Amino acid sequence: MAGVITVRLPDGSTKELPAGTTALGMASSIGKRLAAAAVAAVVDGAEVDLDTVLPDGAEVAVVTADSDAGRTVLRHSTAHVLAQAVVDLWPGAQYAIGPAIADGFYYDFSLPGGATFSDDDLEQITTKMRAIMAEDQPFVRQEHAIDEGLALFADQPFKREIITGVAGDSALQAEASADFVPDAAVVTTYRNTDSFVDLCRGPHVPSTGRLGHFALQRVAGAYWRGDEKRPQLQRIYGTAWESDKALAEYLTRLEEAERRDHRRIGAELDLFSFPSEIGSGLAVFHPKGAAIRRLMEDYSRQRHEAGGYQFVYSPHITKADLFEISGHLQSFAEGMFPPIEIDEGQSYYLKPMNCPMHILIFRSRQRSYRELPMRLFEFGTVYRYEKSGVVHGLTRVRGLTMDDSHIFCTRDQMAGELDSVLTFVLDVLRDFGLDDFYLELSTRPEGKAVGSDEDWHDATEALRAAAQDKGLELVMDEGGGAFYGPKISVQARDAIGRYWQVSTIQLDYNLPARFGLEFIGADNGRHQPVMIHRALFGSVERFFAILLEHYAGALPTWLMPVQVVVLPVRDDHNDYAETVADSCRKAGVRATVDIADEPLGARIRRWKMEKVPYILVVGDDDANSSTVGVNARGSERPDRGVGVDAFVAAVVAEVESKGSPEIRRDSAAGAAGR
RNA sequence: GCCGGUGUGGCGCAGUGGCAGCGCAGGCGAUUUGUAAUCGUCAGGUCGUGGGUUCGACUCCCACCACCGGCUCCA
């Protein structure tokens, strides 16, 4: 019957509506709440504005503000308002692109006369944006032919460039500008007022009044289309959410991340520093930080030894020749410190990688297949000339120590070796408390790869098989491998949901060939070994930082330099406190006594801030009955009258299981609650 | 490397051209403490470095260094 259409909803049901009903109309027919929360719709798989008239038989879903897709719409629309505000405040400003990104949005501008934003500008821009939102201006969608579009943006060169791109190679442009998906020879715009129109595929919220839960965060420079040879634009970052509550929660999350910042924790706990006298990106580890690092390294050594790795050492500098043979000088010279010239033109470089050294160890004599797989391991300190703007705490430094292994094996051993290496790596990471992973497989890059198609195929499939065997999510990074071989990287999720790339396992066809590596096979012939590069922590410094952020400084007991501190209540309890500490030490628990020359509360506070796992308070009652009062990290109230032996045994067990007091407390609380 | 910001005792901060301050931490003294800050007192800074402007610079200008947020890069 004419005048009625039927649409299908996401739950499979159908709904009859008068012809001409818009997506918003449909939402209203379902419920007021839904209509109020709606910001866009998906019709037959395409995201559209709410005022889109529904065709008969369409599949329709309402996009609400509190969904990921809905927030994207909010953020994108807020970005438009930002652009409108900036153009209003800086007449003649050119606006480039303003997409939604994870948790927010940005917009790039070129200001008249090369002016730049400063943080102070954000306030007046925000005020202007709120004014635009208060006016509740509609977002009006229009379609234009290419030449119309070019005329419309006559004084907006960045928009013209995008439009010109649309007219040209559309696939390429879609790649270049995530903000914009071109469609044949038509461009779409959204107009808020006579004075502001932006090129955009949409969808947008119906009007600016639907926005408002936003905050501008910072200004930054950003190259046009991410190309450092192109002009640098002025970028403003912001965030926007469906409600003030969601916005506040997000800002709280940012604060939490700030509290966990390893640079802050490193300073608070006196773990490391970056003296400017030494140079940018070069850390020194203080005693407490060094103690933690040593525990990490010692455990790693222990595991590697058990895992059949052989330990080697190599120097920090080498003649240029070595990195010419390896190819690093040709490819990565700008990432290396400049050479040291000695002995009439002889150049020495600080090593940026350990692999050539390990290769020379392999090549130092003839090798038999019986020696393979040969797994060489070293905590190898390398130096990389990171550009001045990129150094960042311990995560991006100029001097770092890789827990670097190079495995030489036969082609037949390759698949099995990859599998066991991956198992080993995940196992050790779990011991450090990282247990939520996904894997990323980086495949052959276009064009510049070395090695035969067959080699690449075999290696990639071997990596894929090893990865799939682990039952973890596998994400493809097509074309993301290095020129010399495919790679698996392990991405670990931390306590607040951030992913960090830690371990990498990489096949290499390049270096064995460049160095002419060979071994004598069972057939008495010469063969080239396969080489696997493997880093587990990646960089020890960076892994240290990841652990600090993951645990917010409260490391598991086995990694804490001081595990137990004993506080005598009065100074006549000092001797008993020493006895307790001795009992700990005898069991291999790191314990110290903090004598009673300050009030107990003050001492407890100090050690709490140190994040010591266990604070023991001992007084008359304890000295009389060989007990301690246990104040475990993370607990609200102390546990009085615990027997010394029982306490020590519990800590020993916790160290053995690589646990933390917080976890033990939870399970204990669960048991006590019954 | 590029854009923006910041740099004041060990740490966190105040100080808009005219005598460098506060809190915490530190030293000393007193306090003898039962679960997150006892009281008093003392000391500590050529204000990131180097130039310049000025009668006078923490303050204004220039260069450099370092750090922070991004961009680009990350073997």
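Labels below follow one simple rule: chain letters A, B, ... track the order of the sequence lines, proteins then strands, and each chain is numbered from 1. Here the structure is a predicted model, which means the values were calculated and not measured.
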Subject >> Whole-Å gap separating P (B:G1) and CZ (A:Phe337) >> reply: 12 Å
Original post:
Which of these nucleotides, B:U33, B:G34, B:A75, is closest to any side-chain atom of A:Gln506?
Top reply: B:A75
Subject >> Sugar-phosphate, base or nothing in reach of A:Gly629, heavy atoms under 4.0 Å >> reply: base
Subject >> Rounded distance in Å - CG (A:Asp108) to C1' (B:U72) >> reply: 13 Å
**OP:** Identify whether any heavy atom of A:Asp572 sits under 4.0 Å from a base atom; if not, whether one sits that close to sugar-phosphate; answer base, sugar-phosphate or nothing.
**Re:** nothing
**OP:** Kindly say whether the aromatic ring centers of A:Phe323 and A:Tyr349 come within a distance under 6.0 Å.
**Re:** no
Original post:
Is there a donor on the side chain of A:Arg230 or the base of B:C2 sitting less than 3.5 Å from an acceptor on the other?
Top reply: no
Subject >> Base paired to B:C2 (Watson-Crick or G-U; both N/O distances under 3.5 angstrom) >> reply: B:G70
Original post:
Taking the side chain of A:Phe332 as its heavy atoms from C-beta onward, which of B:C3, B:A75, B:U35 lies nearest to it?
Top reply: B:A75
Original post:
Any donor-acceptor pair under 3.5 Å joining the side chain of A:Asp622 to the base of B:G34?
Top reply: yes
**OP:** Starting from P on B:G10, measure out to CZ on A:Phe274 and report it in whole angstrom.
**Re:** 19 Å
Original post:
Using atom P of each nucleotide, how far apart are B:G7 and B:U35 to the nearest Å?
Top reply: 43 Å
Subject >> For B:G9, the Watson-Crick or wobble counterpart (both distances under 3.5 Å) >> reply: none
**OP:** Determine the Euclidean distance between corresponding P atoms of B:C42 and B:G21; express it in Å to zero decimal places.
**Re:** 15 Å
**OP:** Would you confirm whether the ring centroid of A:Phe109 sits within less than 6.0 angstrom of the ring centroid of A:Tyr95?
**Re:** no
**OP:** Could you tell me whether the side chain of A:Arg384 and the main chain of A:Gly399 form a donor-acceptor pair under 3.5 Å?
**Re:** no
Original post:
Using the C1' atom in both, what is the distance from B:U8 to B:U16, to the nearest Å?
Top reply: 15 Å
Original post:
With sugar-phosphate meaning primed atoms plus P, OP1 and OP2, does A:Arg396 contact a base, only sugar-phosphate, or nothing at under 4.0 Å between heavy atoms?
Top reply: base
Original post:
What is the pairing partner of B:A20, taking Watson-Crick or G-U wobble pairs with both distances under 3.5 Å in any strand?
Top reply: none
**OP:** Tell me yes or no: between the side chains of A:Thr627 and A:Asp622, is some donor less than 3.5 Å from an acceptor?
**Re:** yes
Original post:
Is it true that A:Tyr499 and A:Tyr438 have ring centroids separated by less than 6.0 Å?
Top reply: yes
**OP:** Would you please classify the geometry between the A:Phe408 ring and the A:Phe362 ring as parallel, tilted or perpendicular, with 30° and 60° separating the classes?
**Re:** parallel
**OP:** Take atom CH2 of A:Trp607 and atom P of B:G34, then tell me their distance rounded to the nearest Å.
**Re:** 20 Å
Original post:
Distance between the P atoms of B:G10 and B:G26, in whole angstroms?
Top reply: 14 Å
Original post:
For the base of B:U35, is there a side-chain donor-acceptor partner from A:Lys608 under 3.5 Å away?
Top reply: no
**OP:** Examine B:G5: is either OP1 or OP2 under 4.0 Å from a nitrogen or oxygen in the side chain of A:Ser118? Give yes or no.
**Re:** no
**OP:** Find the distance A:Trp224:CH2 to B:C3:C1' and express it as a whole number of Å.
**Re:** 17 Å
**OP:** List in chain and number order the residues that pass side chain to side chain donor-acceptor pair (under 3.5 Å) with A:Glu440, two or more places apart in sequence or in another chain; answer none if no residue qualifies.
**Re:** none
Subject >> Options B:U35, B:U32, B:G1, nucleotide nearest the side-chain atoms of A:Glu228 >> reply: B:G1
**OP:** Starting at atom CG of A:Leu233, determine the distance to atom C1' of B:U72, rounded to an integer number of angstrom.
**Re:** 13 Å
**OP:** With the side chain counted from C-beta on, respond yes when A:Asp594 and A:Trp607 share a heavy-atom pair under 4.5 Å apart, and no when they do not.
**Re:** yes
Original post:
Watson-Crick or G-U wobble partner for B:U41, using a 3.5 Å limit on both distances?
Top reply: B:G27
Subject >> A:Pro599 side-chain proximity, nearest of B:U72, B:U33, B:C3 >> reply: B:U33
Subject >> Gap between atoms CG and C1', on A:Leu567 and B:U35 respectively (whole Å) >> reply: 9 Å
Subject >> A:Val569 vs A:Met609, nearer the 5' end of RNA chain B by closest nucleotide >> reply: A:Val569
Subject >> Closest listed nucleotide, where the reference is the side chain of A:Arg605 and the choices are B:A75, B:U35, B:A36 >> reply: B:A36
Original post:
In whole Å, what separates the C1' atom of B:G17 from that of B:G12?
Top reply: 27 Å
Original post:
If we call it a pair only when both distances are under 3.5 Å in a Watson-Crick or G-U wobble match, what pairs with B:A63?
Top reply: B:U49
Original post:
Which is true for A:Gly485 with a 4.0 Å heavy-atom rule: it touches a base, it touches only sugar-phosphate, or it touches nothing?
Top reply: nothing
Original post:
B:U41 and B:A57: how far apart are their C1' atoms, nearest whole angstrom?
Top reply: 35 Å
**OP:** Using a heavy-atom cut-off of under 4.0 Å over every strand shown, decide if A:Glu598 touches base, sugar-phosphate, or nothing.
**Re:** base
Original post:
Just checking A:Tyr106: base, sugar-phosphate only, or nothing, at a heavy-atom cut-off of under 4.0 Å?
Top reply: nothing
**OP:** Answer yes or no: is there a donor N or O on one side and an acceptor on the other, between the side chain of A:Gln506 and the main chain of A:Gly485, under 3.5 Å?
**Re:** yes
Subject >> Cation-pi check, A:Arg230 onto A:Tyr223 ring (under 6.0 Å, within 45° of axis) >> reply: no
Subject >> Nearest-neighbour nucleotide for the A:Ser280 side chain, B:U35, B:C67, B:U32 considered >> reply: B:C67
Subject >> A:Val617 side-chain proximity, nearest of B:U35, B:U32, B:A66 >> reply: B:U35
**OP:** Round to a whole Å and report the spacing from CZ of A:Arg264 to C1' of B:C67.
**Re:** 16 Å
Original post:
With a 4.0 Å cut-off on heavy atoms, is A:Tyr484 in touch with a base, just the backbone sugar-phosphate, or nothing at all?
Top reply: sugar-phosphate
Subject >> Span that lies between the P atom of B:A75 and that of B:G4, in whole angstrom >> reply: 29 Å
Original post:
Pick the nucleotide of RNA chain B nearest each of A:Thr116 and A:His573; which residue has the one closer to the 5' end?
Top reply: A:Thr116
**OP:** Write down the distance separating the C1' atoms in B:G69 and B:C11, rounded off to the nearest Å.
**Re:** 22 Å
Any N/O pairs under 3.5 Å between the protein and nucleotides 68-71 of chain B? List them or say none.
unit_1 : atom_1 : unit_2   : atom_2 : d
B:C68  : OP1    : A:Arg263 : NH1    : 2.8
B:G69  : OP1    : A:Arg263 : NH1    : 3.4
B:G69  : OP1    : A:Arg263 : NH2    : 2.7
B:G69  : OP2    : A:Arg263 : NH1    : 3.1
B:G69  : OP2    : A:His392 : ND1    : 3.4
B:G69  : O2'    : A:Arg218 : NE     : 2.5
B:G70  : O3'    : A:Tyr237 : OH     : 3.0
B:G70  : O2'    : A:Tyr237 : OH     : 3.2
B:G70  : N2     : A:Gly221 : O      : 3.3
B:G70  : N2     : A:Gln232 : NE2    : 3.4
B:C71  : O4'    : A:Gly221 : O      : 3.1
B:C71  : O2'    : A:Tyr223 : N      : 3.0

Original post:
When all nucleic acid strands are considered with a 4.0 Å heavy-atom cut-off, which category describes A:Ser388: base, sugar-phosphate, or nothing?
Top reply: base
**OP:** For the pair A:Gln563 (side chain) and A:Thr557 (backbone), establish whether a donor and an acceptor sit closer than 3.5 Å, ignoring hydrogens and angles.
**Re:** yes
Original post:
Under 4.0 angstrom, heavy atoms only, what part of the nucleic acid is A:Ala602 near: base, sugar-phosphate, or nothing?
Top reply: sugar-phosphate
